[in-house]
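Residue numbering restarts at 1 for every chain, and letters A, B, ... go by the order of the sequence lines.
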Number of protein chains: 2
Amino acid sequence: MSQYKAPLRDIQFLLNDVFDAGTQWAALPEIAGNLDLDTAAAILEEAGKLASESLAPLNRSGDEEGAQWNEGVVTTPAGFKEAYATYAEGGWVGLSGNPQFGGMGMPKMLAVHVEEMLYAANSSFTLYSVLSSGACLALDTHASAELKDTYLPPMYEGRWAGSMCLTEAHAGTDLGLIRTKAEPRADGSYAITGSKIFITGGEQDLTENIIHLVLAKLPDAPAGPKGISLFLVPKVLVKADGSLGERNAVSCGSIEHKMGIKASATCVMNFDGATGWLVGEPNKGLAAMFTMMNYERLSIGIQGIGCAEASYQAAVAYARDRLQSRAPGGPVAKDKAADPIIVHPDVRRMLLTMKAFNEGGRALATYVGAQLDQAKYGTDADARAAAQARVALLTPVAKAFFTDTGLESCVQGQQVLGGHGFIREWGQEQLVRDVRIAQIYEGTNGIQALDLLGRKVVADGGKALDDFLAEIREFARQPGVEYRDALLEAVKQLEETSQWVRDQAGNDPRQIGAASVEYLHLFGYVTYAYLWSKMASVARARLDSDPDFHSAKLATARFYFNRLLPRIEGLIACLRGGADSLYELGAEQF
Amino acid sequence: MSQYKAPLRDIQFLLNDVFDAGTQWAALPEIAGNLDLDTAAAILEEAGKLASESLAPLNRSGDEEGAQWNEGVVTTPAGFKEAYATYAEGGWVGLSGNPQFGGMGMPKMLAVHVEEMLYAANSSFTLYSVLSSGACLALDTHASAELKDTYLPPMYEGRWAGSMCLTEAHAGTDLGLIRTKAEPRADGSYAITGSKIFITGGEQDLTENIIHLVLAKLPDAPAGPKGISLFLVPKVLVKADGSLGERNAVSCGSIEHKMGIKASATCVMNFDGATGWLVGEPNKGLAAMFTMMNYERLSIGIQGIGCAEASYQAAVAYARDRLQSRAPGGPVAKDKAADPIIVHPDVRRMLLTMKAFNEGGRALATYVGAQLDQAKYGTDADARAAAQARVALLTPVAKAFFTDTGLESCVQGQQVLGGHGFIREWGQEQLVRDVRIAQIYEGTNGIQALDLLGRKVVADGGKALDDFLAEIREFARQPGVEYRDALLEAVKQLEETSQWVRDQAGNDPRQIGAASVEYLHLFGYVTYAYLWSKMASVARARLDSDPDFHSAKLATARFYFNRLLPRIEGLIACLRGGADSLYELGAEQF
């Protein structure tokens, strides 16, 4: 099993050369004082060390040992506690947190790369921390000053963690069905009663306290999604001076036995009149929770890239070493009994597929991160709104496309190893199992596709899409753009397909769901084409400096346009098959 | 977790109505006396019971418990021993075995369906038996009369099992590299010395003896694949009277810890001067082993269908029960808080994808089974040769396309269950883990694709392909063919793409491996189009009898042509990207 190496050179290329992060950060007053490219590089190097040295070594053992439950107490695998302490001490929980409460105030454009490295090294471990960071973000955005003062500093410090309690046994995708109740008490708190399932890190032994963000219904709440409120429910009640008091009436009933991310505790959480506090407005809980959800969705997307990058590195190492058969044109390693399998075209096809997806995905994560920073820190209201619209458009694409291509990549990485890919000690099969959940949680990829096509493209009248495509065409008008024609053709196909679905959906609302998954993939491939064109153009201009790196970038771009982008032909053809043939069968005929 | 139900109605449709098995069997003298459609139906019903009642209940527990190794002894999970006894008593090991030695002499066209049910119920269990059946076939075809007399009867009875010992640590795909040696002894036996890995059922506690078929090199053997011989090496030596004697010098050094098929023991087998007997001619071992390999390849393909069918059934049951959100056109289950998810277009798309792949695959397995029967039992030498060529062409397609679509189907089936798909007790995740190996073993799917395109299409001058396409065109000329135009267009695309690759490969041998995987998928989709057209045409003609079944068949065909076959547009476009962009990167630039 090979050692994970943080892709620092590629990140540097994206931040410095492709997206000119230095200039972007200098224009944001809240960032400018804290960060320049050198500081960013130092932070990334530290994160890479943390990932390689502290987290990666616990990945296999964590999978074998798993999280354990015993009478309500959850024990994480050996080494997790110490690693979490190291992680917290480094200030990583609060990396992009609000400095007013002890966060480091770093931009998302930087944080996305830190997250990728953490997921690549150890997805189970990383979930404990990203849930905390997401909970902090929701509190920072929606909670009262008092709640923020009390809870954010120890959360950013990593002494307390966060969790996200949405799903109930009968209510997953359809949160309007939840039954957990919140009864107001005289002291301004609420008594929370109900049971939640699939709660990542709902219980663990890494932190002194766990701050649950819980969706529940007030007594007079309207039915459905508009009657949901958000509550803060600590595992251990907090005294006025901030010290820990009694255990709250919340407990972990059991943990799930899962396909992967076995070291991450997936908990059934029971709230038995637990004390909680309202976060934000009554009945506006879903919107408040979506602050956290959107953060998590991008993050979970990045899990797809992280796992795929780890798989890619292991597959490349194996393909260089493993001797088997001869190259199609004749022996390459003439002194050996066979050639390394990296000479075979199909092995190269698999490796290049992974490489093109990973680097394309990393570029999109950087781009979305930059838009999130503009939306949060930008000095111009219109520019902030535009960036927010871009984020809303691209978040479902990032979540679903990163993780769908992430599974494909990990399966390919496993395939490169042949039989060894199926054996646990080689690590590739764990990446397949770990990445698989990312297509399911935080809204299944089918739900992401409905969100993209239904809410962001059709319902919006296409404004956000038009703006995005205008940006791509604007880019393509510049001189020296690589793969300009192929890019513009792909953009045209996306535009025409979007219009086709819009036309269809006017008469038949089923057409949206019938087209949505293929549409999201089409959108993903076209977006990667934009970013590969951008990266290739920058690489071409810089070919003389670091020619090995930049020529590899150009070669990967060529592979992407030649061998991956044409997949959209099949996607469009299938999508245009429409909804009718989905509805000929009665439910009993399946 | 839902109960597996054998798809007897669909099998009956294929045997009786689509492929007219009764007429086919009546024309084969060695089959005709043993079998008619009613007997076949009774055998299939029994196999279905065995699968549902004896094997399916051990699938989850077998996965949790796994095969265990202790000082050379392998213990299968609880219940496996008793189930194997039931299985052996039923005569299933010898189902298509030679009646001269106690086999039942049933045609492969029937056996493929029995295998599908067994894999669907319990893939780990089934591997023990299919390896035995395959070993019997290799012995029946290549071994001396004496070896056959001694070994085949107890193997068909299921008292003894078989194994297939090819792979060594440094020699997987490239068997020419093997190092296991066979030294001739004065008594006509050989001393076998070497170590084999990834040996399915190399050791187990189900049978009294295990008959290993081992590839090894004679002292004077030429280098490479032409210097490999095949040996029969029993775990326990057999006395002249057929009773068991001393342990042979073969032992199980360890078993692998794997992603899936955990109840199947994957063994390291050490041969320390073990006594063996030559099977077939010296240095012709690879050809002899391929008799078994081709059998196993079809069988392993069928594992893909079996797992996918089990996943489909569980997904349908869940989709009918699970209430979540409302149908796009408004509430369907108005009295409930939400609609069953089977109303949602994307859920239907996933279920129909699985259904179309499974039924298309089942049809192709039947077709290949029928060709195998013609090749073996046909009365006309030319017809036998033609059938053999068809089998050679379609075996790699069946193996790789059944298992690639099998993984896709199981992943979709898991996705239908949302979060529950990731939880072990629901069973869907096990199917994903179990089916995944089928893309790897018995020759990776990449190797199958090279075999198809390199050996069967390009090297053959296209004769076998031309004959197959001529058969499809002949079918399309009949009256009442459903989807005729779409089928003929797809055939034309396959033909043109084949010619394009042939032209490219003339100048550049890398083009074959560069195109092979997409080519095999193209071939698979076109072949399924042929079979879906055939099935739809039969269903249309029979619509008045059992209209529920036949209209479902027509609806699934429509989905296939509308929503799956168009994927070939993307495959062809990607394939035509060619080999150049695979070779721009140096090995160190990945």
Enquirer: As an exercise, state the distance from CD1 of A:Ile437 to CZ of B:Phe422, rounded to the nearest 0.5 Å.
Expert: 4.5 Å
Enquirer: Within the distance-only criterion (no hydrogens, no angle test), does the side chain of A:Asp174 pair as donor or acceptor with the backbone N or O of B:Gln324 below 3.5 angstrom?
Expert: no
Enquirer: Determine yes or no for a side-chain-to-main-chain donor-acceptor pair under 3.5 angstrom, with B:Tyr583 supplying the side chain and A:Val343 the backbone.
Expert: yes
Enquirer: Does A:Arg320 reach the main-chain N or O of B:Phe590 with its side chain, forming a donor-acceptor pair under 3.5 Å?
Expert: yes
Enquirer: Taking every non-hydrogen pair under 4.5 Å, which of A:Glu256, A:Arg322, A:Arg510 racks up the most with chain B?
Expert: A:Arg322
Enquirer: Among the options B:Val316, B:Leu417, B:Leu177, B:Leu407, pick out the one with the most heavy-atom pairs lying under 4.5 Å from chain A.
Expert: B:Leu177
Enquirer: Tell me, out of B:Gly260, B:Ala327, B:Ala319, who's got the most heavy-atom pairs with chain A below 4.5 Å.
Expert: B:Gly260
Enquirer: Identify which of B:Arg349, B:Met259, B:Glu569 forms the greatest number of heavy-atom pairs closer than 4.5 Å to chain A.
Expert: B:Met259
Enquirer: Heavy-atom pairs under 4.5 Å with chain B: which of A:Gly578, A:Ala579, A:Ser516 has the most?
Expert: A:Gly578
Enquirer: Out of B:Val411, B:Leu571, B:Ile568, B:Ile512, which one racks up the most heavy-atom pairs below 4.5 Å with chain A?
Expert: B:Val411
Enquirer: For the atom pair SG (B:Cys574) and CG (A:Asn562), what is the distance rounded to the nearest 0.5 Å?
Expert: 9.5 Å
Enquirer: Is it the case that more than 12 heavy atoms not belonging to B:His257 sit under 6.0 Å from its NE2 atom?
Expert: no
Enquirer: Looking at B:Gly419, B:Gly446, B:Ala449, B:Ala515, which has the largest count of heavy-atom pairs under 4.5 Å with chain A?
Expert: B:Gly419
Enquirer: Taking all atoms of both residues into account, what is the closest heavy-atom pair of B:Gly329 and A:Pro509, and its distance?
Expert: CA-CG, 4.1 Å
Enquirer: Under 4.5 Å heavy-atom distance to chain B, tell me which part of A:Ala557 shows up: side chain, backbone, both or neither.
Expert: neither
Enquirer: Picking from B:Gly418, B:Gly454, B:Ala223, which has the most non-hydrogen pairs under 4.5 angstrom with chain A?
Expert: B:Gly418
Enquirer: Quick one: does any side-chain atom of A:Arg348 pair with a main-chain N or O of B:Ser581 as donor and acceptor, under 3.5 Å?
Expert: no
Enquirer: Taking all heavy atoms of A:Gln589 and all of B:Ser551, pick out the closest pair and write down the distance.
Expert: NE2-OG, 2.9 Å
Enquirer: Please look at B:Leu575 and chain A and tell me whether the side chain, the backbone, both or neither of the residue comes under 4.5 angstrom of a heavy atom of that chain.
Expert: backbone
Enquirer: With chain B, which of A:Asp346, A:Leu554, A:Asn445 has the greatest number of heavy-atom pairs at distances under 4.5 Å?
Expert: A:Asp346
Enquirer: With only heavy atoms counted, which part of B:Ile342 is less than 4.5 Å from chain A, the side chain, the backbone, both or neither?
Expert: side chain
Enquirer: Taking all heavy atoms of B:Pro345 and all of A:Ala514, pick out the closest pair and write down the distance.
Expert: CB-N, 3.6 Å
Enquirer: Which residues pass the ring-ring contact (aromatic ring centres under 6.0 Å, His included) test with A:Phe198, sequence neighbours left out?
Expert: B:His420
Enquirer: Under 4.5 Å between any side-chain heavy atoms of A:Leu585 and B:Leu352, yes or no?
Expert: yes
Enquirer: Select one option (side chain, backbone, both, neither) describing which atoms of B:His344 are under 4.5 Å from chain A's heavy atoms.
Expert: backbone
Enquirer: Are side-chain N/O atoms of A:Thr444 and B:Gln415 paired as donor and acceptor at under 3.5 Å?
Expert: no
Enquirer: Is it the backbone or the side chain of B:Arg576 that comes under 4.5 Å from a heavy atom of chain A, or both, or neither?
Expert: neither
Enquirer: Looking only at heavy atoms, which two atoms of A:Thr173 and B:Ser325 are closest? And how far apart?
Expert: CG2-OG, 4.2 Å
Enquirer: Under 4.5 Å heavy-atom distance to chain A, tell me which part of B:Leu565 shows up: side chain, backbone, both or neither.
Expert: neither
Enquirer: Applying salt bridge (Lys or Arg N to Asp or Glu O under 4.0 Å), name anything that partners A:Glu518, two or more places apart in sequence or on another chain.
Expert: B:Arg563
Enquirer: List the steps, then state whether side chain to side chain contact (heavy atoms under 4.5 Å, CB included) holds for A:Arg433 with B:Val432.
Expert: CA-CA 9 Å; A:Arg433 289 187 288 105; B:Val432 174; over 6 Å; no
Enquirer: Where the side chain of A:Arg436 meets the backbone of B:Glu429, is there a donor-acceptor pair that is under 3.5 Å apart?
Expert: no
Enquirer: With only heavy atoms counted, which part of B:Ala356 is less than 4.5 Å from chain A, the side chain, the backbone, both or neither?
Expert: neither
Enquirer: What part of A:Lys355 lies closer than 4.5 angstrom to a heavy atom of chain B: side chain, backbone, both or neither?
Expert: side chain
Enquirer: What part of B:Lys262 gets closer than 4.5 Å to chain A, counting heavy atoms only: side chain, backbone, both or neither?
Expert: side chain
Enquirer: Please confirm whether the backbone N or O of B:Thr556 pairs with a side-chain atom of A:Glu584, one donor and one acceptor, at under 3.5 Å?
Expert: no
